[in-house]
J.: 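Handing you a structure now.
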There are 2 protein chains.
Amino acid sequence: MNVKDLCLGALTIGDASGYDLKKFFETTFSHFCVAGYGSIYPALAELATEGLVRCHEQPQQGRPGRKLYQLTAAGRKAFLQKLEKTAPRHTVKSDFLLSLYFAHLLPPQRLETILDERIAEIERQLSCHARCRRQSAQGSGEPVGERFVRGFGEAVLSAAREYLRVHRRELASASTARSRHTPNSPRRTLRGGLHALHHS
Amino acid sequence: MNVKDLCLGALTIGDASGYDLKKFFETTFSHFCVAGYGSIYPALAELATEGLVRCHEQPQQGRPGRKLYQLTAAGRKAFLQKLEKTAPRHTVKSDFLLSLYFAHLLPPQRLETILDERIAEIERQLSCHARCRRQSAQGSGEPVGERFVRGFGEAVLSAAREYLRVHRRELASASTARSRHTPNSPRRTLRGGLHALHHS
DNA sequence: CGCATGGTATATCGGGCTGATATATGACGG
DNA sequence: CCGTCATATATCAGCCCGATATACCATGCG
């Protein structure tokens with residue numbers, strides 16, 4: 001699922017410009033997808049040459065013309081096929097967890113900041129979800145997938161926040177003991193020191 | 001935090017070859033980081049030219065010589081600085097959630113498969129964590145960060161599994177109702193149809 | 001009234017990463 | 001004896017992220 005497919009998917013919901021798509025990704029898809037202009041605009045251009053979308057340009061006086069993209073029948077079909085064929089992977093990329101893994105190398109102050117900021121970010125995202133939930137509740141016919149995916153995000157974010165709240169003190173205590181200033185590494189080797197896990 | 005920094009970090013734990021590093025990332029960092037050979041080998045080469053790591057090549061008969069990399073003082077310092085300066089982001093990239101968002105476009109059968117496979121994968125990862133936990137419990141002096149990060153992973157994975165188990169039927173029911181075969185889109189527009197969220 | 005800020009809107013580009021592929025060999029099981 | 005797996009390094013096309021440029025309007029603040 002690359003950005004081209006992402007655009008195709010969003011366009012099954014309604015026509016949009018590149019700008020609209022970015023906005024849409026930032027709101028509805030924000031917790032499991034990102035795409036910048038640098039990917040979206042070239043993607044739309046390619047999709048147009050492939051006949052999967054049509055472009056309706058509406059010149060505006062002053063501002064640059066708005067290019068509204070519309071899904072074609074071929075585009076819809078292409079997206080459905082991608083949906084059925086693609087292996088639905090799920091990956092996390094987190095400098096946050098990486099930093100905490102190396103907690104013993106960080107000053108306590110920095111550790112606190114990192115945790116506070118992450119919790120704040122989680123709460124920001126949770127309140128976004130809550131707002132969406134309210135808006136959709138009154139509006140008619142929210143697609144099932146949207147509700148489900150939002151609920152998933154809420155469940156996972158809540159669990160993360162709870163874990164951080166409960167266990168953060170464990171990290172802090174260790175960080176204080178850091179005054180022992182990391183003994184010079186006696187040429188250890190990572191080799192085999194690591195639990196043979198291998199989940200494919 | 002790019003792959004170069006990742007390697008630096010891993011090398012604070014012990015010396016390693018590129019191969020060892022990949023193995024290490026796949027086990028200990030698997031749930032929040034990925035790095036393939038295509039990133040690791042060039043990264044190590046660059047780090048060596050920058051003097052942040054030293055390379056000790058040990059020729060082996062038959063097999064290609066093993067290149068053991070060791071962190072230098074400069075390398076250690078560089079990593080600590082990166083740790084303190086970097087904004088610790090946390091992002092999820094999920095074709096899984098994306099697919100479920102479009103549940104109304106998928107045949108029920110496919111939906112079931114996607115959910116089953118995700119749950120199976122979650123359980124695989126959880127049992128990996130459990131194994132690590134046991135191994136570390138008997139071994140001495142597991143770094144605090146490692147335990148914390150593993151616990152975080154377990155908390156989040158458990159929550160995800162629970163949510164999927166409880167709510168999957170909601171999706172299925174909707175998917176069955178899909179027989180109405182998506183009415184031809186009446187030229188809707190994404191524009192503004194979307195909750196102004198904007199969490200920075 | 002002037003000016004800064006921020007939203008609308010498109011586009012480009014370098015640097016970096018993913019995933020696939022190539023190469024070579026030993027160990028192990030059937 | 002043969003296939004498969006683990007060890008081990010390396011390259012590369014294709015794709016993506018983040019920053020940057022451009023241009024204009026609306027809003028608000030002093």
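Here is how names work: the chains are called A, B, and so on, in the same order as the sequence lines, proteins then strands, and each is numbered from 1.
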J.: In whole Å, what is the span from the CG atom of B:Asp20 to the P atom of D:dT7?
T.: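 My rounded result for the distance is 9 Å.
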J.: Under 4.0 Å: is that the gap between some side-chain N or O of B:Lys23 and OP1 or OP2 of D:dT7?
T.: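 Yes, because at least one side-chain N or O of B:Lys23 sits under 4.0 Å from OP1 or OP2 of D:dT7.
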J.: What is the distance from CG of A:Asn2 to P of D:dG14, rounded to the nearest Å?
T.: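 Atom CG in A:Asn2 sits about 14 Å away from atom P in D:dG14.
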J.: Going by an N to O cut-off under 4.0 Å, is there a salt bridge joining B:Glu170 and A:Arg150?
T.: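 Salt bridge between B:Glu170 and A:Arg150, a charged N being under 4.0 Å from a carboxylate O: no.
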J.: Out of D:dA10, D:dC17, C:dA11, which has the shortest distance to the side chain of B:Tyr41?
T.: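 When the side chain of B:Tyr41 is considered, D:dA10 is the closest of D:dA10, D:dC17, C:dA11.
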J.: Calculate the interatomic distance between B:Arg66 atom CZ and D:dT7 atom C1'; express it in whole Å.
T.: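 Distance check: B:Arg66 CZ to D:dT7 C1' gives 9 Å.
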J.: Starting from P on C:dG19, measure out to CG on B:Asp95 and report it in whole angstrom.
T.: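 After rounding, the gap between these two atoms is 11 Å.
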J.: Parallel, tilted or perpendicular: which one describes the rings of B:Phe29 and B:Phe32, with boundaries at 30° and 60°?
T.: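 Ring orientation of B:Phe29 relative to B:Phe32: tilted.
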J.: Classify the ring geometry of B:His167 against B:Tyr163: parallel below 30°, tilted from 30° to 60°, perpendicular beyond 60°.
T.: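 Parallel.
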J.: Report the nucleotide, chosen from D:dC15, C:dG19, C:dC17, that has the shortest atom-to-atom distance to any side-chain atom of A:Arg89.
T.: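 It is C:dG19.
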J.: Over how many whole Å does the gap from B:Leu47 atom CG to C:dG16 atom P extend?
T.: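 These atoms are roughly 12 Å apart.
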J.: Of the candidate nucleotides D:dA10, C:dT10, C:dT8, which contains the atom at the shortest distance from the side chain of B:Tyr37?
T.: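 Within the option list, the nearest is D:dA10.
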J.: Which is true for B:Gly38 with a 4.0 Å heavy-atom rule: it touches a base, it touches only sugar-phosphate, or it touches nothing?
T.: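 The residue B:Gly38 makes base contact.
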J.: Rounded to whole Å, please give me the gap between CE in A:Met1 and C1' in D:dC16.
T.: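 Distance check: A:Met1 CE to D:dC16 C1' gives 17 Å.
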J.: Could you tell me the separation between the NZ atom of A:Lys22 and the P atom of D:dC16, rounded to a whole number of Å?
T.: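 It is 15 Å, rounded to the nearest whole Å.
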J.: Which nucleotide sits closest to the side chain of B:Tyr19: D:dA8, C:dC17, D:dT11?
T.: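 The answer is D:dA8, which lies nearest to the side chain.
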J.: Where the side chain of B:Pro42 is defined as all heavy atoms beyond and including C-beta, which of D:dA10, C:dC17, D:dT11 is the nearest nucleotide?
T.: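 Closest of the options to the side chain of B:Pro42: D:dT11.
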J.: In whole angstroms, how far is the C1' atom of C:dT12 from the CD1 atom of A:Ile40?
T.: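 After rounding, the reported distance stands at 15 Å.
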J.: Between A:Asp20 and A:Ser17, do the side chains contain an N or O donor and an N or O acceptor separated by less than 3.5 Å?
T.: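 The criterion, which ignores hydrogens and geometry beyond distance, is satisfied for A:Ser17 and A:Asp20.
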J.: So which nucleotide from C:dG19, D:dA10, D:dT7 ends up closest to the side chain of B:Lys67?
T.: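 For the B:Lys67 side chain, the nearest candidate turns out to be D:dA10.
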J.: Where the side chain of B:Ser17 is concerned, which of C:dC17, D:dT9, C:dA9 is the nearest nucleotide?
T.: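 Among C:dC17, D:dT9, C:dA9, the one nearest the side chain of B:Ser17 is D:dT9.
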J.: For the side chain of B:Ser39, starting at C-beta, report the closest nucleotide among C:dT18, D:dC15, D:dA8.
T.: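 The answer is C:dT18, which lies nearest to the side chain.
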J.: Looking at side-chain heavy atoms only, is the closest gap between B:Leu83 and A:Arg110 below 4.5 Å?
T.: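 SC-SC contact between B:Leu83 and A:Arg110 ruled out.
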J.: Starting the side chain at C-beta, find the nucleotide from C:dT8, D:dT7, D:dC17 nearest to A:Val3.
T.: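 Nearest listed nucleotide: D:dC17.
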